[in-house]
Amino acid sequence: MSVRVRIAPSPTGFLHVGNARAALFNWLYARHTGGTFILRIDDTDVARSDPEYEDDVLAGLVWMGLDWDEGVGVGGPHGTYRQSDRLDRYAEVAGQLLAAGSAYHCFCTPAELDERRKEAQAQGRPPGYDGRCRILDPAESARRKGQGEAAVLRLGVPRPGVTIFEDVIRDEVRFDHQAIDDFVLVRSDGSPTYHLASTVDDVDYEITHVARGEDLLSSTPKHILITLAMGGTVPTYAHLPLLFGPDGKKLSKRHGDVSLKAYREGGYLPEAMFNYMCLLGWSYEAETTVFTRAEAIERFDLAAVSKNAAVFDPEKLEWMNGVYIRDLDPVDFIDRAIPFVEEDLGRELSGAEREQLGALGPLVQERVKLLTEVPDMMSFVLTTSLSYDEKSWRKVMETETTPAALDAAIDRLTVVGEWTAVVIETELRAMLDELELNARQGLQPVRVATTGSTVSPPLFETLEVLGRDMTLDRLRSARAKL
RNA sequence: GGCCCCGUCGUCCAGCGGCCUAGGACGCCGGCCUUUCAAGCCGGUAACGCGGGUUCGAAUCCCGUCGGGGCUACCA
């Protein structure tokens, strides 16, 4: 049977990196096995769902390159793949479970439940639902329900009993039904709970493997029980290790960026994100940390996923992003960087400016880890009024040898014939010889004068890109400020 | 509290009874290269939570213990 996996985010927030990682692993498994990757939207929580979040989820998956074969937006044999469109189906299953005696109505009010829970906890008893409505006569229940009395539908968990399943990642896991209370399937307002809706969908969509976060491991027996009660085939489960923040606590907003969106906008490359996330709970090969999509697909296996939770390490991600940036084709690099430059500038770049940046691109490319660092490194070529970094100015311009170095540089560069990096270098090195200055003493003033900072791309190439007029202009105005 | 999961360098991962004097990557430290900054190269730092077993032999298997985490809703 062909593999069918799914990811079912609920649109109640921006796509979380944990969900993105789950999506990635499902996608990898589907691609590795030649199976089908499905995107479903679990929006049964109407109050908290928002179309904006759904858009973000889709955008995040597209950005990561995780294309889905069936589901929201692309369709498929199962309708819209949106739970809010399947309420009738959940009601239908609920009716069947009720008729079959697998489920029953419960008339206990939230207030009563709450009180009993507190009582049970105080006495050290299990806080779950005590099952008192289970013994109600079905006919009597139906009558009360028919008269409009508020009721939820609960699953009658078989007791005594035990649910055992073989988790792909964790091997055999067993839960005694003693510890599982008769949980709610349908709320008193008629809406299905997550457990019901998600399980019905998994059965209807013929999902073969459910790979999701370990936080759902304890809920798995409930899902299996529902599946069995509706006569469905139980899928294979794989519970992925959770992601934690640098402090070892569950990855949350307090750790800064937990939404994929933040990385998208933060100058990260999707290729790097993809590669890095693969490493969170899986490894391509003992000695290899950088690999391509195709390679990951070829080797990925759910069974090889680690059991332990992983700490999301922003520093390693950043390093990896640098690796991928340096690996980019120069034209590709500048194409990706330009939006960040324009965003920073607040305007669009002219053709001439683009050309300048294109020339500077390769020099900057190997010096940044994030695309968001590009504007800072290139802004000096785009401005007409250069501002100097204060520290840089103090450090190199207020030096005894600086005036002479600038004067000599101006003289030589004014008369130089050809304006290329090679010629510029020859001239400036001759200047160093002449004044008996070392490179640091003689070149840093030129760097600060022309770029505004002690840190810049390689000087000679930079001056070539800047052009003779602007270079001389800047050297002169810096000299005048001394 | 109960149930469940997990426990190798600071972090991610390799290891699945002898190849381990525990390997790779990030980070950190030092050096080289060098026009600055990066990159690159070389070297270094650093871990099998603890205690019992099983075995000729254990990071690898078993038990206990400690520690971390998840779940315990008419949220997903």
Side-chain angles (χ1 to χ4, degrees), chain A residues 8-10 12-13 42-45 47-49 106 108-110 113-114 117 121 124-129 150-154 167 169-170 173-176 178-181 183-189 191-195 197-198 213-221 239 241-242 244 246 248-250 276 278-290 306-320 322-323 326 363-369 373 377 392 396 425 428-429 432 438-444 446-448 451 453-460 462:
Chain A
S10 54
T12 54
D42 280 15
D43 59 352
T44 48
D45 188 348
R48 292 198 300 151
S49 292
C106 167
C108 300
T109 66
L113 259 18
D114 202 44
R117 181 170 14 254
Q121 269 170 331
R125 285 186 288 115
Y129 177 64
V152 298
L153 187 73
R154 289 180 185 273
D167 189 281
I169 296 168
R170 282 151 222 288
V173 183
R174 61 172 63 214
F175 289 88
D176 195 299
Q178 214 64 286
I180 305 168
D181 68 350
F183 57 97
V184 174
L185 298 171
V186 180
R187 303 187 187 96
S188 53
D189 66 0
S191 65
T193 59
Y194 161 75
H195 297 305
S198 173
E214 200 205 309
D215 50 341
L216 287 164
L217 187 59
S218 315
S219 296
T220 302
H239 287 91
L242 259 18
F244 289 97
K249 295 270 170 56
K250 195 175 175 183
Y276 177 69
C278 282
L279 263 23
L280 260 24
W282 181 70
S283 70
Y284 173 76
E285 190 266 329
E287 321 274 278
T288 311
T289 49
V290 179
S306 158
K307 297 183 209 302
N308 9 344
V311 171
F312 188 91
D313 181 6
E315 290 198 316
K316 190 163 182 175
L317 205 212
E318 220 178 278
W319 161 79
M320 186 164 280
V323 170
R326 271 173 258 128
L363 305 175
V364 170
Q365 186 172 356
E366 50 189 296
R367 291 177 162 67
V368 294
K369 288 188 178 150
E373 295 169 34
M377 293 215 103
S392 296
V396 325
E425 174 163 14
L428 291 181
R429 288 204 188 277
L432 294 181
N438 64 31
R440 184 177 295 270
Q441 294 169 310
L443 263 25
Q444 283 298 76
V446 176
R447 187 188 304 280
V448 174
T451 71
S453 168
T454 52
V455 177
S456 86
L459 187 59
F460 314 120
T462 299

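Per chain, numbering begins at 1; letters A, B, ... match sequence-line order.
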With rounding to the closest Å, how many angstrom separate the P atoms on B:U55 and B:G43? 44 Å
Could you work out, with side-chain contact (heavy atoms from CB on, under 4.5 Å) as the rule, every residue matching A:Ala179, not counting sequence neighbours? none
Donor-acceptor pair, distance only, cut-off 3.5 Å: does the side chain of A:Ser453 make one with the backbone of A:Val455? yes
Name all residues meeting the salt bridge (Lys or Arg N to Asp or Glu O under 4.0 Å) criterion together with A:Asp42; count only those two or more places apart in sequence or in a different chain, and write none if there are none. A:Arg40
From CD of A:Gln121 over to C1' of B:C3, roughly how many Å is that when rounded to an integer? 14 Å
Rounded to whole Å, please give me the gap between CH2 in A:Trp319 and C1' in B:C28. 16 Å
Looking at A:Arg174, does any N or O in its side chain come under 4.0 Å of the phosphate oxygens OP1/OP2 on B:C4? no
By salt bridge (Lys or Arg N to Asp or Glu O under 4.0 Å), A:Asp45 pairs with (sequence neighbours left out) A:Arg48
Considering every strand and a 4.0 Å limit on heavy-atom distances, what is the contact class for A:Ser453: base, sugar-phosphate, or nothing? nothing
Quick one: list whatever passes ring-ring contact (aromatic ring centres under 6.0 Å, His included) with A:Tyr284, sequence neighbours left out. A:Phe291
Considering every strand and a 4.0 Å limit on heavy-atom distances, what is the contact class for A:His195: base, sugar-phosphate, or nothing? base
Main-chain N/O of A:Asn308 paired with A:Ser306 side-chain donor or acceptor, under 3.5 Å: yes
To the nearest Å, give me how far apart CE (A:Met320) and P (B:G24) are. 17 Å
Could you give the distance separating B:C9 and B:G23 at their P atoms, to the nearest angstrom? 14 Å
N/O to N/O distances under 3.5 Å, protein versus nucleotides 60-67 of chain B:
none

Test of understanding: with salt bridge (Lys or Arg N to Asp or Glu O under 4.0 Å), list the residues that count as partners of A:Glu318, not counting sequence neighbours. none
With a 3.5 angstrom cut-off on both distances, give the Watson-Crick or G-U wobble partner of B:C37, or none if there isn't one. none
Could you run down the sub-3.5 Å N/O contacts of the protein with nucleotides 34-37 of chain B?
unit_1 : atom_1 : unit_2   : atom_2 : d
B:U35  : OP1    : A:Arg429 : NH2    : 3.1
B:U35  : O2'    : A:Arg447 : NH2    : 3.3
B:U35  : O2     : A:Arg447 : NH2    : 2.4
B:U36  : O4'    : A:Gln444 : OE1    : 3.3
B:U36  : O2'    : A:Thr454 : O      : 2.8
B:U36  : N1     : A:Arg447 : NH2    : 3.3
B:U36  : O2     : A:Thr454 : O      : 3.2
B:U36  : O2     : A:Ser456 : N      : 2.9
B:U36  : O2     : A:Ser456 : O      : 3.0
B:U36  : N3     : A:Arg447 : NH1    : 3.3
B:U36  : N3     : A:Ser456 : O      : 2.7
B:U36  : O4     : A:Arg367 : NH2    : 3.4
B:U36  : O4     : A:Pro458 : N      : 3.2
B:C37  : O2     : A:Arg367 : NE     : 2.7
B:C37  : N3     : A:Arg367 : NE     : 3.0
B:C37  : N3     : A:Arg367 : NH2    : 2.9
B:C37  : N4     : A:Arg367 : NH2    : 3.2

Listing time: all N or O pairs from protein to nucleotides 10-14 of chain B that are below 3.5 Å?
unit_1 : atom_1 : unit_2   : atom_2 : d
B:C12  : OP1    : A:Val311 : N      : 3.2
B:C12  : O2'    : A:Leu279 : O      : 2.7
B:C12  : O2     : A:Lys316 : NZ     : 3.3
B:C13  : OP1    : A:Gly281 : N      : 3.1
B:C13  : O2'    : A:Ser283 : OG     : 3.0

Evaluate A:Cys106 against A:Tyr129 for side chain to side chain contact (heavy atoms under 4.5 Å, CB included), listing each step before the verdict. CA-CA 10 Å; A:Cys106 167; A:Tyr129 177 64; 3.2 Å; yes
Using ring-ring contact (aromatic ring centres under 6.0 Å, His included) as the criterion, list what pairs up with A:Phe175, not counting sequence neighbours. none
Heavy atoms under 4.0 Å, any strand shown: does A:Ile180 hit a base, just sugar-phosphate, or nothing? nothing
When both distances are under 3.5 Å in a Watson-Crick or G-U wobble arrangement, the nucleotide paired with B:C26 is B:G10
Once salt bridge (Lys or Arg N to Asp or Glu O under 4.0 Å) is applied, do any residues pair with A:Arg429, and if so which ones, sequence neighbours excluded? A:Glu425
Can you check the distance between B:G24 and B:C66, where both ends of the measurement are the P atom (answer in whole Å)? 36 Å
Is it the case that the side chain of A:Arg447 and the backbone of A:Pro457 share a donor-acceptor pair, with hydrogens and angles ignored and the cut-off at 3.5 Å? yes
Considering only the C1' atoms, how many Å lie between B:C48 and B:A14, rounded to the nearest integer? 13 Å
Contacts of A:Tyr194 that satisfy ring-ring contact (aromatic ring centres under 6.0 Å, His included) - sequence neighbours left out: A:His223
Given that both distances must come in under 3.5 Å, which nucleotide forms a Watson-Crick or G-U wobble pair with B:C71? B:G2
Describe the nucleic acid contact of A:Cys278 in one word from base, sugar-phosphate, nothing, applying a heavy-atom distance below 4.0 Å. nothing
B:G15 and B:U60: how far apart are their P atoms, nearest whole angstrom? 15 Å
Does any nucleotide pair with B:G18 by Watson-Crick or G-U wobble geometry, both distances under 3.5 Å, and what is it? B:C56
Need to verify one output field. Residue with the more 5' nearest nucleotide on RNA chain B, A:Pro127 or A:Asp42? A:Pro127
Taking A:Gln441 for the side chain and A:Asn438 for the main chain, is one N or O donor matched with an acceptor at less than 3.5 Å? yes
Pick the closest RNA chain B nucleotide for A:Lys307 and for A:Arg154 by heavy atoms, then say which residue is nearer the 5' end. A:Lys307
Can you find an N or O donor on one side and an acceptor on the other, under 3.5 Å apart, linking the side chain of A:Thr193 with the base of B:C74? no
Please report the distance, rounded to the nearest Å, between CZ in A:Arg170 and P in B:C6. 6 Å
Test item: A:Lys316 side-chain N/O and A:Tyr276 main-chain N/O as donor-acceptor pair under 3.5 Å: no
Rounded interatomic separation in angstrom, taking NZ from A:Lys369 and C1' from B:G40: 14 Å
Sugar-phosphate means primed atoms, P, OP1 and OP2; the rest is base. With that split, encode nucleotides 44-50 of chain B 5' to 3' as B, S or - using protein heavy atoms under 4.0 Å. -------
Just compare B:G23, B:C74, B:A76 and give me whichever is closest to any side-chain atom of A:Glu287. B:G23
Under 4.0 Å between a side-chain nitrogen and a carboxylate oxygen: does that hold for A:Arg170 and A:Glu214? yes
So, the side chain of A:Thr220 versus the backbone of A:Leu217: is there a donor-acceptor pair under 3.5 Å, distance only? yes
Separation between the P atoms of B:C6 and B:C61, rounded to whole Å: 12 Å
Across every strand shown, the nucleotide meeting Watson-Crick or G-U wobble geometry with B:G51 (both distances under 3.5 Å) is B:C63
Taking atom P in both B:C63 and B:G7, what distance in whole Å separates the two? 14 Å
Nearest-Å distance once atom C1' is located in both B:G67 and B:A25: 27 Å
Once you apply a heavy-atom cut-off of 4.0 Å, does A:Val184 come out as touching a base, just sugar-phosphate, or nothing? sugar-phosphate
I need the CG-P distance between A:Leu216 and B:C6, as an integer number of Å. 16 Å
